[in-house]
Enquirer: 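Starting off with a structure, shown below.
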Amino acid sequence: MALCPRRGAIAVAPVLDSEPPRAPALVGVALCVGGDAGYAPLSPATAEALHELLAGPRPKIVHHARDLDAALRRAGHALGGVAGDTALASFLVDPTKCIPHELERVAREYLQRALPTARDARGGAATFAEADPAAVAAWAVSSAVATEDLWTALVPRLDELDARKIHDDVELPLSGVLARMSADGVRVLPDVLASLQRDFGARRAEVEARVHELAGHPFNLGSSKQLGEVLFDELKIDVVKRNKTGYSTAADVLERLAPKHEIAERVLEWRALDKLINTYTEVLQRAIDPTDGRVHATFQQTAGASGRLITTDPDLQRTPIRTDDGRRIREAFVPRGGWELISADWSQIELRVLAHCSKDAALLRAFNERLDLHRQTAASIFDVVEAEVTREQRTVGKTVNFATIYGQGATALGQQLGVPRKRAQEMIDRYFELYSGVRAWLDRTIAEADANGYCETLLGRRRMIPELRSNNWQDRGYGERIAANTPIQGSAADICKLAMLQIQRELDARGLAAKMLVQIHDELLFEAPPAEVTEVVAVVRERMERCVELAVPLEVEVGVGPSWAAAH
DNA sequence: CGGTGTCTAGG
DNA sequence: CACCTAGACACCG
């Protein structure tokens with residue numbers, strides 16, 4: 001049986017209808033959407049047929065269960081009885097090996113088997129519906145059989161890594177939560193976006209005219225090559241930085257030129273507006289499903305090497321917030337009629353994870369006594385008492401606090417802060433004087449990763465780091481930064497996953513109508529009817545703050561409002 | 001048309 | 001040479 005909805009195909013091996021499955025306890029199911037991750041709306045008839053086909057008592061093994069689940073949910077069904085997800089298993093066995101863990105790639109790695117791709121199955125045809133049914137069926141069979149075989153191959157590896165529990169208790173149930181979020185979507189008002197786009201478009205046109213005037217002739221502002229020629233050949237502005245293909249016109253270069261050259265400032269303005277139009281107002285309007293006025297993003301669970309979730313189609317995690325113009329995009333994100341949006345985000349979760357892992361005395365004290373950590377760091381770097389730390393100094397303290405998480409060196413820190421490399425090195429030295437426990441933890445963690453070949457997160461998720469064994473010192477340095485960063489970033493991701501699971505269970509158990517809509521790494525967005533807001537806020541805060549017990553408290557900031565902009 | 005480079009958005 | 005990313009556009013072959 002091979003079913004073909006509008007976009008892509010749901011492939012369910014025909015052998016399962018006509019022959020006994022090869023392992024009686026398992027039913028392999030492969031869902032492939034045009035060869036991409038993602039979810040395709042199903043026709044009611046297709047969904048009905050699939051639902052019936054999958055309703056049997058046998059546990060199912062699915063590759064990307066989330067996609068199948070989301071597709072069924074949109075059609076009013078749910079996917080039950082999934083015992084294993086081979087994409088999640090592959091991700092847990094080695095997160096970076098087969099990114100994004102599509103079936104063909106995973107089967108090649110762990111079964112040494114070449115599968116026909118969705119593309120092969122389509123032949124020259126644009127859609128599965130127009131393709132040769134025999135080819136589609138053959139592809140469906142091989143995909144489903146491979147899924148079943150993969151599970152058999154991957155389970156011993158999961159057990160070896162002690163990762164079966166993470167699969168069963170965290171990642172697999174989370175895939176169901178993500179499917180619901182994707183199927184529910186978030187309401188976005190096209191009129192707000194259209195109005196913003198008109199405003200941005202008019203301003204972009206004005207700025208563009210001014211740039212052409214300053215240049216003396218029109219050119220394509222979107223081409224950094226042409227812009228470079230105008231700035232550095234024609235206008236003879238001093239070259240600041242070069243890249244592989246010529247002059248760099250990146251934002252940091254233009255910012256340096258802006259005080260003396262109006263054209264640089266205008267180009268920055270043009271780029272900001274151009275980005276907002278092309279990447280946000282236009283894309284989001286297109287992404288709104290006309291049947292429900294909502295945006296149904298995909299939450300990828302097997303794409304972030306550190307274990308983070310990734311949103312695509314559209315990429316909601318990169319919705320602007322830093323500039324006033326950008327933030328206005330968030331005014332278009334609203335709750336369903338009469339409801340409220342609730343935004344909840346962890347305060348400094350990664351630095352708290354660092355405090356927990358390192359047990360550094362100064363970090364523990366700062367968080368346990370609710371001190372201002374960035375101020376504390378700044379006071380040390382600038383050798384002043386905390387009360388005398390200026391706002392600029394505090395910003396530097398913040399930068400240095402984050403720099404350690406990333407393993408940033410003096411060169412890059414100096415560049416970022418606009419101070420000499422030597423001064424940056426002094427700051428780093430002062431940082432590690434104050435936080436000597438962090439230095440010790442970094443050294444210990446890197447040495448351990450070196451010995452083991454992998455690093456580990458709070459929940460015991462592993463990331464292999466082959467770079468640590470490289471003969472190339474640059475690769476080894478990269479491996480060391482991964483070894484230091486992944487436990488922090490990955491553990492924060494683990495915490496967020498646990499919180500999401502607990503919150504969804506609690507909302508269900510209490511029979512609340514409120515919905516979890518989007519995850520933005522350290523922020524969760526919900527919508528709730530007015531009567532539920534107080535209870536939902538309490539549940540969300542409680543679960544986010546207490547889903548794990550760390551050596552420092554987790555703090556959560558919650559906002560409620562009629563739009564994402566207002567709730568944040 | 002697919003691949004690469006540059007640039008910019010977020011945490 | 002700062003970690004994890006997605007995506008738009010220009011440009012090249």
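Naming convention: chains lettered A, B, ... in sequence-line order (proteins, then strands); numbering from 1 in each chain.
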Enquirer: Under 4.0 angstrom, heavy atoms only, what part of the nucleic acid is D274(A) near: base, sugar-phosphate, or nothing?
Expert: nothing
Enquirer: Mind checking what makes side chain to side chain contact (heavy atoms under 4.5 Å, CB included) contact with I321(A), not counting sequence neighbours?
Expert: R327(A), R330(A), H568(A)
Enquirer: Within this structure, what is the CD-to-C1' distance between Q197(A) and dA8(C), rounded to whole angstrom?
Expert: 14 Å
Enquirer: Heavy-atom contacts under 4.0 Å between residues 450-473 of chain A and DNA chain C, which residues?
Expert: R463(A), W473(A)
Enquirer: What is the separation between atom CD on E480(A) and atom C1' on dC1(C), rounded to the nearest whole Å?
Expert: 15 Å
Enquirer: L417(A) has an atom CG; how far is it from atom C1' of dA2(C), in whole Å?
Expert: 12 Å
Enquirer: In whole angstroms, how far is the C1' atom of dC1(C) from the CZ atom of R476(A)?
Expert: 16 Å
Enquirer: Does the structure show a Watson-Crick or G-U wobble partner for dC7(B), both distances under 3.5 Å? Name it, or say none.
Expert: dG7(C)
Enquirer: With a non-hydrogen cut-off below 4.0 angstrom, is A303(A) in contact with a base, only sugar-phosphate, or nothing?
Expert: sugar-phosphate
Enquirer: So if I define the base as every atom that isn't primed, P, OP1 or OP2, how would nucleotides 4-11 of chain B read as a B/S/- string at a heavy-atom cutoff under 4.0 Å?
Expert: -SSSBBBB
Enquirer: Mind checking if A403(A) touches a base, just sugar-phosphate, or nothing, with heavy atoms under 4.0 Å?
Expert: nothing
Enquirer: Using salt bridge (Lys or Arg N to Asp or Glu O under 4.0 Å) as the criterion, list what pairs up with R108(A), not counting sequence neighbours.
Expert: none
Enquirer: Counting just side-chain N and O atoms, does N220(A) come under 4.0 Å of either OP1 or OP2 of dA10(C)?
Expert: yes
Enquirer: Tell me whether R187(A) is salt-bridged to E527(A), with the criterion being a basic N under 4.0 Å from an acidic carboxylate O.
Expert: no
Enquirer: Flag the pair R210(A) and E262(A) as a salt bridge only when some basic side-chain nitrogen lies within less than 4.0 angstrom of an acidic carboxylate oxygen.
Expert: yes
Enquirer: In whole angstrom, what separates Q301(A)'s CD from dT5(C)'s C1'?
Expert: 16 Å
Enquirer: Closest-nucleotide mapping onto DNA chain C: is I310(A) or Q226(A) further toward the 5' terminus? I mean the 5' end.
Expert: I310(A)
Enquirer: Identify, with sequence neighbours excluded, every residue that meets salt bridge (Lys or Arg N to Asp or Glu O under 4.0 Å) alongside D360(A).
Expert: none
Enquirer: As a quick check of understanding, evaluate side chain to side chain contact (heavy atoms under 4.5 Å, CB included) for I263(A) and L235(A), giving each step before the final call.
Expert: CA-CA 10 Å; I263(A) 189 167; L235(A) 299 177; 3.8 Å; yes
Enquirer: Checking base pairs now: Watson-Crick or wobble, both atom distances under 3.5 Å. What partners dG2(B)?
Expert: dC12(C)
Enquirer: Within a strict 4.5 Å, meaning less than it, do heavy atoms of the I288(A) and R294(A) side chains meet?
Expert: no
Enquirer: Report the distance from atom CG of D494(A) to atom P of dC4(C), rounded to the nearest whole Å.
Expert: 16 Å
Enquirer: How many angstroms lie between atom NE2 of H374(A) and atom CZ of R391(A), to the nearest 0.5 angstrom?
Expert: 15.0 Å
Enquirer: Tell me, which pairs form a side chain to side chain donor-acceptor pair (under 3.5 Å) where one or both residues lie in residues 404-427 of chain A, sequence neighbours left out?
Expert: T404(A)-Y431(A), Q408(A)-Q416(A), R423(A)-E426(A), Q425(A)-D429(A)
Enquirer: Which whole-number value in Å describes the distance from Q474(A) CD to dC1(C) C1'?
Expert: 8 Å
Enquirer: Just the rounded figure in Å: distance from P of dC1(C) to CD of Q425(A).
Expert: 13 Å
